[in-house]
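Keep in mind the model is a prediction, meaning the values are calculated, not measured.
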Amino acid sequence: MRKVIKNIFKIFLLLLVAGIIFIAWANYSIRKESSPFVSYNIADVPKTKTALLLGTGKKLSNGLPNAYFYNRIQAAIDLYKSGKIQYIIVSGDNSTKDYNEPEDMQLTLMQYGIPKERIVMDHAGFRTLDSVIRAKEIFGQNKLVVISQKFHNERAVFLARKNGMEAFGYNANDVNKYAGLKTNLREYLAKAKVYWDLLFGVEPKFGGEKIVIP
């Protein structure tokens with residue numbers, strides 16, 4: 001019995017080590033492949049019809065403003081006002097009555113002078129994969145600029161390019177490394193899951209009618 005337990009423990013340790021190696025490799029490869037296409041500098045971003053602004057909550061669970069949200073909003077405003085983009089798809093979670101990321105982004109962008117008719121709503125961006133693939137399949141965009149923090153853009157741009165899109169990332173300012181520790185740790189697992197999604201051809205949760213962006 002002791003020998004069986006010992007063998008099970010060895011297998012568990014091997015699987016654990018293999019998992020850690022895979023996560024490290026996935027993060028390295030996604031960063032490396034997306035690196036030429038993501039930037040903090042507007043000058044590096046090609047002129048493109050549409051940007052994809054990835055959603056996050058406007059407020060934290062404690063009720064305080066979410067710096068991730070406002071930094072992404074500022075990046076979208078800067079990009080639009082630079083003349084590099086004409087439209088912004090705001091894509092995020094709208095799973096409950098009281099939580100609506102796309103609407104929060106739309107209203108905040110409008111407060112800063114972005115015309116409503118230049119903002120396209122995607123209420124089914126429940127995951128980064130959903131937002132990216134829907135930008136292509138529902139909104140007909142084969143070329144776009146993704147707006148989020150660098151760690152998020154790396155994954156989104158990688159996914160977009162693996163799905164046949166010409167994608168670039170404009171990086172919003174990050175948050176304090178301690179404030180964003182939980183998010184950054186979660187991102188390590190999210191990057192590893194990208195390969196699972198690609199391997200099994202995971203599709204967005206919702207499809208829908210195609211929406212034409214003029």
Taking atom [atom1] of [X] and atom [atom2] of [Y], what is their separation to the nearest 0.5 Å?
X: Leu64; Y: Asn62; atom1: CG; atom2: CG; answer: 4.0 Å
X: Tyr70; Y: Tyr112; atom1: OH; atom2: OH; answer: 7.0 Å
X: Lys10; Y: Ile5; atom1: NZ; atom2: CD1; answer: 13.5 Å
X: Tyr68; Y: Leu60; atom1: OH; atom2: CG; answer: 10.0 Å
X: Ile147; Y: His152; atom1: CD1; atom2: NE2; answer: 12.5 Å
X: Ile20; Y: Leu15; atom1: CD1; atom2: CG; answer: 11.0 Å

Is the backbone N or O of [Y] less than 3.5 Å from a side-chain atom of [X], with the two atoms forming a donor-acceptor pair by type?
X: Tyr99; Y: Gly57; value: yes
X: Lys143; Y: Lys49; value: no
X: Asn71; Y: Asn173; value: yes
X: Asn153; Y: Ser148; value: yes
X: Glu101; Y: Asp93; value: yes

According to salt bridge (charged side-chain N to carboxylate O under 4.0 Å, His left out), does anything in residues 150-164 pair up with another residue at least two apart or in another chain? List the pairs. Arg31-Glu154, Glu33-Lys162, Glu154-Lys191, Arg155-Glu187
Side-chain heavy atoms of [X] within contact of [Y], under 4.5 Å:
X: Ile138; Y: Phe206; result: no
X: Asn94; Y: Glu103; result: no
X: Leu52; Y: Phe139; result: no

Are [Y] and [X] co-members of a hydrophobic cluster defined by side-chain heavy atoms under 4.5 Å apart?
X: Ile30; Y: Trp25; result: yes
X: Leu54; Y: Val175; result: no
X: Tyr188; Y: Val157; result: no
X: Val132; Y: Phe151; result: no
X: Met110; Y: Ile88; result: yes

Using the side chain to side chain contact (heavy atoms under 4.5 Å, CB included) criterion, which residues pair with [X]? Sequence neighbours excluded.
X: Ser35; value: none
X: Asp78; value: Ile42, Gln74, Tyr170
X: Asp197; value: Arg127, Leu129, Lys193, Val202

Under the criterion side-chain contact (heavy atoms from CB on, under 4.5 Å), I'd like the reasoning laid out for Phe168 against Asp44: C-alpha separation, chi angles, the key distance, then a yes or no. CA-CA 9 Å; Phe168 304 86; Asp44 294 335; over 6 Å; no
For residues 115-126, tabulate all N or O donor-acceptor pairs below 3.5 Å that involve a side-chain atom, not counting sequence neighbours.
unit_1: Asp122; atom_1: OD1; unit_2: Ala124; atom_2: N; d: 3.1
unit_1: Asp122; atom_1: OD1; unit_2: Arg134; atom_2: NE; d: 2.9
unit_1: Asp122; atom_1: OD1; unit_2: Arg134; atom_2: NH2; d: 2.9
unit_1: Asp122; atom_1: OD2; unit_2: Ser91; atom_2: OG; d: 2.9
unit_1: Asp122; atom_1: OD2; unit_2: Arg134; atom_2: NE; d: 3.3

Residue Phe22 excluded, over 12 heavy atoms near CZ under 6.0 Å: yes
Above 12 or not: heavy atoms from other molecules or residues under 6.0 Å from CZ of Phe200? yes
Which is it for Thr48 and Lys84 under the side-chain contact (heavy atoms from CB on, under 4.5 Å) test, yes or no, and what are the steps along the way? CA-CA 6 Å; Thr48 311; Lys84 287 293 182 83; over 6 Å; no
Could you go step by step and tell me if Glu166 and Asn142 meet the side-chain contact (heavy atoms from CB on, under 4.5 Å) rule? CA-CA 6 Å; Glu166 189 180 356; Asn142 290 304; over 6 Å; no
Would you sort out whether Leu53 and Ile73 count as a side-chain contact (heavy atoms from CB on, under 4.5 Å), showing the intermediate values? CA-CA 8 Å; Leu53 177 56; Ile73 290 290; 4.1 Å; yes
Output field: ring centroids Phe158/Tyr195 closer than 6.0 Å: yes
Please report the shortest heavy-atom distance between [X] and [Y], naming the atom on each side.
X: Ala76; Y: Leu109; value: CB-CD2, 4.0 Å
X: Ser29; Y: Ala26; value: OG-O, 3.1 Å
X: Ala135; Y: Leu144; value: CB-CD2, 3.6 Å
X: Gly55; Y: Met105; value: CA-CE, 3.6 Å

How does the hydrophobic cluster around Tyr28 look, that is, which other residues are in it when side-chain heavy atoms under 4.5 Å mark a link? none
